[in-house]
Amino acid sequence: MSVRVRMAPSPTGFLHIGGVRTFLFNWLFARSYSGECLLRIENTDTGREVAESVEQIERSLRWLGIEWDGETRFQLDGAERCRTEAARLVAEGRAYEDDGAIRIRMPEEGVVGWDDAVKGRIEFPADQLEDMVILRSDGRPVYNFASPVDDWVDGITHVIRGDDHVSNTPKQIVVLRALGADLPVYAHAPNVFGEDGKKLSKRHGAVSVGEFREAGYIAPALMNFLALLGWAPDGETTIMSRDELAERFTLEKVGSSPATFDYAKLDWMNGLYLRALDAGAYADTLVTFLREQGSTWNEARVREAAPAVQEKIGRLGEFAGFAGFLFEDVDPDLTLLDGGVLTEAASQLATVEPWDAATIERALKALCERLEAKPKTVYLPIRVAVTGSRISPGLYESLELLGRDVTLARLRQGADGAA
RNA sequence: GCCCCCAUCGACUAGCGGCCUAGGUCACCACCCUUUCAAGGUGGCUGCACGGGUUCGAAUCCCGUUGGGGGUACCA
C-alpha cells in the first residue's frame, strides 16, 4: 500500500513542541512505509506574517531532521476547489444556502464513526451534529471543509493528528462522504501536557523548537525524546537513532493517554547524546552553537576547552556558565576563599614545569600534604578563585587551559580579597 | 448542560486473561569511584484511581463513580 500523510501546522510564528511530536509521528510513519509526507500550512489568510511563519516552521523542521516531500502547500490554495465542490454539493442537494453561507446537511439519525488507528472505534450520535457551514457568506471555506477537501485532493491516506481533532472528525467524514471521496485512516495521538497536567505553555519552559535549539539541545536527542512521548517500541528500548525510530515506528504502538513533557529526562538524554559524540564532532557542534548564539569567544580556545566540558554538561547552553572563566574575568564569592591556601597555592604553582594537567595535579597533591589538609578544603577555594564558581571542568584541566599567568594572578587576587 | 476521549511508580512507559508477589528508563535516596559539581558503577524507594460485575483466574474484558482533557463557531 502506498502511504501519504501530511503535517498541517497553523502559521502561528513558531512550531510548538507538542505539535512537532505529532508531525514526527507522521514523518516516522511515512518513512516506515516508504511513503510520502507533505507539509501543508493551514492558513486562512496570506500576508507577510504568514510567509515569515512558514519560513520559521520549515527551518525548525529541517533542523530537527524532519523532511517533507515536494513544495510546501497552503490551505488557501485549495479555496477555489472548495467553492466548486460546495456548489456541486448544493446542486446535488447535499448542501444548501443559508443567509449567503453554504451549509452541509448532517445525517438525521444513526451515528458517524470510524476505526481510529490509535484509539479504536469512535462514534458520534448524528443528532449531536448540526448542519455545518462549509462556505462563509464571503465565499471563504471553513477549516472543517477545506481540510478534508485538501486531504482528498492531495490523496492523503492517513490523517495522523492531535487528539483535539477528534470531534472534528465526524464533520470531516460527512464532508468526505458527501464528496464521494474515500475516507483516510484516522489516527489521533494524545496531546502533550506540561508538568501540571495543563497544556504545555511558556511557563513550563521552552515550548518552541527554536527555544530548545537555543538552549543547546541537539536535534537527534530531541527527536529521540519526542518520539517516546506517547509511543514506545517495547518496554526496554529508549535510545534510538532516527533510522531506528523510523524502522520501528507503528501506529499500533502509539498510546492513547496524554504524555507529560519531562524536561529532566530530556536533559539526561541530551547529555547522553552529547557525550556520545567523538571529540571532533563535539567541538564542531559546540562551536556552531556558540556562533549561532552570537558568541565572539575565540574559536580555537573553545575547541581546546571542549573535551573538558563534554563529559560535564547536558546542554550546550551551559557552556558559558561552565567555562566562561576561560574567556572573561571572574567575580568569585569572597566568603568561599581562603587567603592562606590561595597564597600557598600560588607559590606552589609558580614553579610548576611544564604547565600541564598532570604536573599541576602532582603539585596540588603535594600542597595538600604540606598543608596537611583534605583535597576538598584545598581545592574549593582554588577553584572558586580561579573559575569564579564551585562548579567547573576538572580543576587540573581548568588551570592548564587558563594558563599559568592568569591562574597565578587570580590566586593572588583571591588571596587579597579573602582578607 | 450535552457529546467525545483518557486513567499502571513523582514522570515516560511495558503489559493486549494465567509468564506480574507488575518489567525498563528519567527523577529521587544510599553506597562506590573521586578533585567540588557532574559523569560512571552498584543497590533501593515508590504504581495497576475507586466500586461493582464476567471468569477457575483481571492491571488486562464489561458497567458505574471519581478525576483529567477535548469539543459544542460563518476559529484553526
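So you know, we letter chains A, B, ... as the sequences are listed, proteins then strands, and number each from 1. None of these values were measured; they are calculated from a predicted model.
Here A/Asn168 lies in heavy-atom contact (under 4.0 Å) with a base. Backbone-only contact: A/Arg103 has heavy atoms under 4.0 Å from sugar-phosphate atoms and none from a base. Note on A/Asn191: nothing from the nucleic acid sits closer than 4.0 angstrom, heavy atoms only. Counting any heavy atom pair closer than 4.0 Å across all strands shown, A/Gly271 reaches no nucleic acid atom. Note on A/Lys253: only backbone sugar-phosphate atoms sit closer than 4.0 angstrom, heavy atoms only; bases stay farther off.
Between A/Phe249 and A/Trp231, the ring planes are tilted. Angles from 30° to 60° get that label. Note on ring orientation: taking the six-membered ring where Trp is involved, the planes of A/His165 and A/Tyr143 are tilted (angle from 30° to 60°). Ring-plane geometry between A/Tyr186 and A/His188 is classed as parallel, the angle between the planes falling under 30 degrees on a 0 to 90 degree scale with a further cut at 60.
Contacts of A/Asp405 classified as salt bridge (charged side-chain N to carboxylate O under 4.0 Å, His left out), with partners at least two apart in sequence or in another chain: none.
A salt bridge links A/Arg40 with A/Asp151: the distance from a Lys NZ or Arg NE/NH1/NH2 to an Asp or Glu carboxylate oxygen falls below 4.0 Å. A salt bridge links A/Arg121 with A/Glu123: the closest approach of a Lys/Arg side-chain nitrogen to an acidic carboxylate oxygen falls below 4.0 angstrom.
Across all strands shown, B/C48 remains unpaired; no Watson-Crick or G-U wobble contact has both distances below 3.5 Å. B/C16 is unpaired under the criterion used here, namely a Watson-Crick or G-U wobble arrangement in which both key atom distances are under 3.5 Å. The partner of B/C2, taking Watson-Crick or G-U wobble pairs whose two distances both stay under 3.5 Å, is B/G71. Using the Watson-Crick or G-U wobble rule with both distances under 3.5 Å, B/U21 pairs with nothing in any strand shown.
Listed nucleotides: B/G24, B/A76, B/G69. Nearest to the side chain of A/Phe193: B/G69. Nearest nucleotide to the side chain of A/Ser137, out of B/A76, B/C74, B/C6: B/C74. Closest to the A/Tyr143 side chain, of the nucleotides B/A76, B/G71, B/C26, is B/A76. Here B/C4 is the nucleotide among B/C6, B/G15, B/C4 with the atom lying nearest to any side-chain atom of A/Val166.
Listed by residue number, the members of residues 107-133 of chain A with any heavy atom below 4.0 angstrom from RNA chain B are A/Lys119, A/Ile122, A/Glu123, A/Phe124, A/Pro125, A/Gln128, A/Val133.
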Tell me, with the steps shown, if A/Phe225 and A/Phe261 meet ring pair (Phe, Tyr, Trp, His ring centres under 6.0 Å). CA-CA 9 Å; A/Phe225 175 79; A/Phe261 198 100; 5.0 Å; yes
From CA spacing to verdict: ring pair (Phe, Tyr, Trp, His ring centres under 6.0 Å), A/Phe29, A/Tyr33: CA-CA 7 Å; A/Phe29 178 74; A/Tyr33 280 94; 4.9 Å; yes
Hey, mind stepping through A/Asp243 and A/Ser241 against side-chain hydrogen bond (donor to acceptor under 3.5 Å, both in side chains) and telling me if it holds? CA-CA 5 Å; A/Asp243 287 343; A/Ser241 67; 5.3 Å; no
Assign a letter to each nucleotide of nucleotides 30-47 of chain B from its 5' end: B, base within under 4.0 Å of a protein heavy atom; S, sugar-phosphate only; -, no contact. -----BBBBSS-------
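Of the C1' atoms belonging to B/U13 and B/C9, the separation is 11 Å, rounded to the nearest Å. The same atom, P, is picked in B/C26 and in B/C6; the two are 30 Å apart, to the nearest Å. With both ends at atom P, the span from B/A59 to B/A27 equals 31 Å, rounded to whole Å. Using atom C1' as the reference point in both B/G69 and B/G23, the two lie 29 Å apart (nearest Å). B/G15 and B/U60 are spaced 15 Å apart, taking the P atom of each and rounding to whole Å. Taking the P atom of each, B/U8 and B/C56 are spaced 29 Å apart, rounded to whole Å. To the nearest whole angstrom, the two P atoms, one in B/A7 and one in B/C12, are 12 Å apart. When the C1' atom is used for both B/A22 and B/C33, the distance is 33 Å, rounded to whole Å.
Between A/Arg94 and A/Leu179, every side-chain heavy-atom pair lies at or beyond the 4.5 Å cut-off. The shortest side-chain heavy-atom distance between A/Ile160 and A/Trp27 does not fall under the 4.5 Å cut-off.
Residue-to-nucleotide proximity on RNA chain B shows that, of A/Leu266 and A/Asn43, the 5′-proximal contact is made by A/Leu266. Of the two residues contacting RNA chain B, namely A/Ala101 and A/Ala259, the nearest-nucleotide position lying further toward the 5' end is that of A/Ala259.
Atom NZ in A/Lys171 sits about 12 Å away from atom C1' in B/G70, given to the nearest Å. Atom pair A/Asn224:CG and B/C26:P shows a separation of 13 Å (rounding to whole Å applied). Separating the CG atom of A/Asp262 from the P atom of B/C12 is a distance of 8 Å, rounded to the nearest angstrom. The CG-C1' distance, from A/Leu228 to B/U25, rounds to 9 Å in whole Å. B/C12 atom P lies 18 Å from atom CG of A/Asp234, rounded to whole Å. The distance between atom CG of A/Asn144 and atom P of B/C74, rounded to the nearest whole Å, is 11 Å. One interatomic measurement links the two molecules: OH of A/Tyr186 to C1' of B/C5, which rounds to 17 Å at whole-angstrom precision. In this structure, the CD atom of A/Glu236 is 8 Å from the P atom of B/U25, given to the nearest Å.
Minimum interatomic distance between A/Ala308 and A/Leu401 (heavy atoms only, all atoms of both residues): CB-CD1, 4.3 Å.
Look at A/Thr260 and you'll find a side-chain N or O under 4.0 angstrom from OP1 or OP2 of B/C12.
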